[in-house]
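First the proteins, then the strands, lettered A, B, ... as listed; each starts at 1.
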There are 2 protein chains.
Amino acid sequence: MMNKADSDLIRRQNRHLVLEALRFAGRAPRVELGRLTGLSLATITSITAQLLNEGLLLEDNTVAPITTRRGRPSVDLSLNPSATHVIVLKISIGKFEMVLADYAGTRVAHQIKTVATYDMKIHDVGKKAASLILAFLSEHNKSPADVRIIGIAAQGAAETGVGHLMWSPAFKEVNIPLTEPISRLTGIYCRLSNDANMIAEGLMAREHYLYKGTAAVIFMGYGVGMGLVIDGKTYHGSTGAAAEFGHMNHIPHGAMCRCGMSGCIEAYASDYGILRTAQGLPVNTPPPLDAVEPEVMMALETSARQGDGAALGAYVKAGEAIGFGLARMIALLSPDRIIISGPGIRAFDLAEPAIAASIDEGVVTALRQNVKLEKLPMDHDMIITGTIDKLLHDLDREVFARAEPAA
Amino acid sequence: MMNKADSDLIRRQNRHLVLEALRFAGRAPRVELGRLTGLSLATITSITAQLLNEGLLLEDNTVAPITTRRGRPSVDLSLNPSATHVIVLKISIGKFEMVLADYAGTRVAHQIKTVATYDMKIHDVGKKAASLILAFLSEHNKSPADVRIIGIAAQGAAETGVGHLMWSPAFKEVNIPLTEPISRLTGIYCRLSNDANMIAEGLMAREHYLYKGTAAVIFMGYGVGMGLVIDGKTYHGSTGAAAEFGHMNHIPHGAMCRCGMSGCIEAYASDYGILRTAQGLPVNTPPPLDAVEPEVMMALETSARQGDGAALGAYVKAGEAIGFGLARMIALLSPDRIIISGPGIRAFDLAEPAIAASIDEGVVTALRQNVKLEKLPMDHDMIITGTIDKLLHDLDREVFARAEPAA
DNA sequence: ACAATTTATTTCGACACTTAAAATAATCTT
DNA sequence: AAGATTATTTTAAGTGTCGAAATAAATTGT
């Protein structure tokens, strides 16, 4: 069903609208907010007065009005950066990266810690993360009370629901509990997401008008990941670990994958898969435990460009795996856009013809023709940017859209 | 973004809630509606008075209260059957089936017309359907003004957005416009959907508490179809022709499919695909144009049960195609439930071991373990039931939730 | 310098909706 | 027939949005 509606709901939704408009615009006078939200100026006055009173907004006239128009000058409102803060913890192979951002989305601190992730014991991961976060905070003279939420973006299959990391290239262990211990040890509410989903989230925050429908962000690199946006919302399956594009089967009984199965797309299109093919190793050669060094992949790319047949062939095999995977996804979901990114995007041109041919081969024209396929240069930072955006949007919707009970 | 909220929105949502509760309960007194919706009795009085006044509800005390409790007896309310009507047109190979149902969901008329669908010219389909509908109505002393919406459930790929049938086993032609001509010629608003989606819709209306998340209804028969429910709503892709599970590639460069591509799941798991395998015909044998007679499939099933190796092998091949397709879908979407239905369900036991083995082979345990796989006996009527449910729900939400402007 | 003009914001009065509490209705019990 | 009990309606208060009117704060013109 739905929930019943009352005047609380109206206020909540309209407050949310105002916050969203301001986050989109950065700064705007009340008239502008009226235009953006469709609300009357009277309502805008009422809502912004409340938000100012609660310390979420700031009257911001630091920038002198450039225009020399007649009439009462407008006074810009903006989100109050110090209303609260969020922390992003990005977990990847061998390192923990932390970013502290204020309520306006500006990054105020940044730290990268080298951590020997692979051999960590299952319960040390959360403990280590929590202690790094607490140290990071006190280094910047902040207390846990200043931070409203921690968002973890991790490589691998993340169960957002329970906050476990089902598996990840960064760890030998599986089913690592993250949100619970980190929440408990820091006293800060904590959420876990998959890194590719966070890229999708970041793109949406930037060009949300483009994401009315369904879009998939494919992420090629050490593994093959995907962020899936359905009807404008990132999709998590029943467990929160959906959209495992990399571990969608490509060839029954095919090449050995890091996940223990055979024939996954990743076994052909990830760094290690491409390398294995290029080296002519049998498809059941176990994948290496550590990430393939970028230099190795760059060398492979170079020799492919110089005409090395084995290297070229490996990129074609990778393209076929990606292409048929996309064809299957298109048959199933018919997305509006597919965006391919990740470190592997460097060599995209080598795989692209095979990708295109495989899509043609794998799905009828009628379904394919409406899909836009784009590539996006990799930006590691986008994972963090996307996570910040998502955390702040979540806070706006779930926390700050609710009016504080009057004193 | 969202839309702004005002008091209209509240009323709309709460009216919708009352209508939904009454559709769910069939008949209920006001106190009961209060409990079901969470609204106060004062509000229920106000809303039901309005709905009674608009003719959508009926005070219904035809059934004498069985209970002999003390206190003022309650008076049941129910949906007014004659408030409006809906028509379902089910299009399948060789026949058009029409059902007229009242606002309470009761069927009041039913007609099956044999139509030589396959060779119809592209613009004759809509004309034929419209004239049959008009004749059907006048036969039952109804005028188009008594009907608020026509819902078409068609086999094949339906573009709900534009109302075209992209392709269908029933027609030689492709891209057949349906909603526009039928709407124009009958004067009744018209919508097109895929038949498997309507089964999913019917299941949801009956057990909507089971469909909070993601569920897929696979439909095996002449073709292989799918209805996909994501977050409790049937999913249509960018064009409205998503969820073409049957035409998701199974084996690159594989068996020839009716859609013109090679290696689709349907090419192995549909009636004609199974038959082709059993007969030992080469995989590039073109599929027959007409539906395979049920008797032929039943004979095949019988010989498989009697130990015919070729027949058994064909069901195994079909099971592999379905199983790997499901494995791929699970990797991508991690649904809560998968339901397999359709006429092909009769021989499900012959394919089931192969389905299970292929799912095991094709997707890691961690993703698979949360998925419930069920089979559902085929009921052709469920397509019609589901369409009626969906039409009425759509009307409740889009039309009747809005209060009529006061006279 | 100051009135007129222009643009932004706030205030006011009307209206819609929900709700709790009080009032009313319609039955059964004793 | 009075009292008890359950269902429904009415009433009064509270919250929210909106259009119109009022107010604020600038520029322009003289």
Side chain of [X]: nearest nucleotide among [options]?
X: B:Asp6; options: C:dT10, D:dT17, C:dT24; result: D:dT17
X: A:Asn14; options: D:dT17, C:dA8, D:dT8; result: D:dT17
X: B:Thr45; options: D:dC18, C:dT19, D:dT8; result: D:dT8
X: B:Ser74; options: D:dT17, D:dT8, C:dT18; result: D:dT8
X: B:Thr43; options: D:dA7, C:dA20, C:dT18; result: C:dT18
X: A:Lys4; options: D:dT17, D:dT9, C:dT19; result: C:dT19
X: A:Ala42; options: C:dA25, D:dT10, C:dC12; result: C:dC12
X: A:Ser40; options: D:dG19, C:dT9, D:dT9; result: D:dG19

Legend entry - Electrostatic pair B:Asp381:B:Arg107 at N-O distance under 4.0 angstrom: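 Counted as a salt bridge, because a side-chain N and a carboxylate O are separated by less than 4.0 Å.
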Inset, instruction - Indicate yes or no: does B:Glu59 engage B:Arg30 in a salt bridge with an N to O separation below 4.0 Å. - result: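 Salt bridge present between B:Glu59 and B:Arg30.
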Legend entry - B:Leu41 vs A:Ser46, nearer the 5' end of DNA chain C by closest nucleotide: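 It is A:Ser46 whose nearest nucleotide is closer to the 5' end.
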Inset, instruction - Using the closest heavy atom to pick a nucleotide of DNA chain C for each, name whichever of A:Ala5 or A:Pro29 lands nearer the 5' end. - result: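 Result: A:Pro29.
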Nearest-Å distance for atom pair [atom1]/[atom2], residues [X] and [N]:
X: A:Glu59; N: D:dA25; atom1: CD; atom2: P; result: 12 Å
X: B:Leu57; N: D:dT8; atom1: CG; atom2: P; result: 13 Å
X: A:Leu52; N: C:dT9; atom1: CG; atom2: C1'; result: 13 Å
X: B:Leu33; N: D:dA7; atom1: CG; atom2: C1'; result: 13 Å
X: B:Gln13; N: C:dT18; atom1: CD; atom2: C1'; result: 13 Å
X: B:Ile44; N: C:dC17; atom1: CD1; atom2: C1'; result: 14 Å
X: A:Arg30; N: D:dA25; atom1: CZ; atom2: C1'; result: 14 Å
X: B:Leu9; N: D:dC18; atom1: CG; atom2: P; result: 12 Å

Legend entry - Residue closer to the 5' end of DNA chain D, A:Arg72 versus A:Leu39 (nearest nucleotide):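 Of the two residues, A:Leu39 wins.
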Legend entry - Residue closer to the 5' end of DNA chain D, A:Ile47 versus A:Gly71 (nearest nucleotide):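 Nearest nucleotide further toward 5': that of A:Ile47.
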Inset, instruction - For B:Ser78, check side-chain hydrogen bond (donor to acceptor under 3.5 Å, both in side chains) against everything at least two apart and list the hits. - result: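 Only B:Asp60 meet the side-chain hydrogen bond (donor to acceptor under 3.5 Å, both in side chains) criterion with B:Ser78.
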Inset, instruction - Under 4.0 Å between any heavy atoms, over every strand shown, what does A:Asp8 touch: base, sugar-phosphate, or nothing? Just pick one. - result: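 If one applies the 4.0 Å heavy-atom cut-off, A:Asp8 turns out to touch nothing in the nucleic acid.
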Inset, instruction - Tell me what B:Ile10 touches on the nucleic acid: a base, only sugar-phosphate, or nothing, going by heavy atoms under 4.0 Å. - result: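 It contacts sugar-phosphate atoms only.
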Would you say [X] reaches [N]'s phosphate, i.e. side-chain N/O to OP1/OP2 under 4.0 Å?
X: B:Arg70; N: D:dG3; value: no
X: A:Arg11; N: D:dT17; value: yes
X: B:Ser7; N: C:dC17; value: no

Legend entry - Flag, side chain of B:Asp146 to backbone of B:Ser143, donor-acceptor distance under 3.5 Å: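 Yes; at least one donor-acceptor contact below 3.5 Å.
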Legend entry - Short side-chain to backbone donor-acceptor contact, B:Asn197 and B:Leu228, under 3.5 Å: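 Flag set: sc B:Asn197 to bb B:Leu228 pair under 3.5 Å.
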Legend entry - Heavy-atom pair of closest approach, residues B:Val99 and B:His110: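 Closest heavy-atom pair between B:Val99 and B:His110: CG2-CD2, 3.5 Å.
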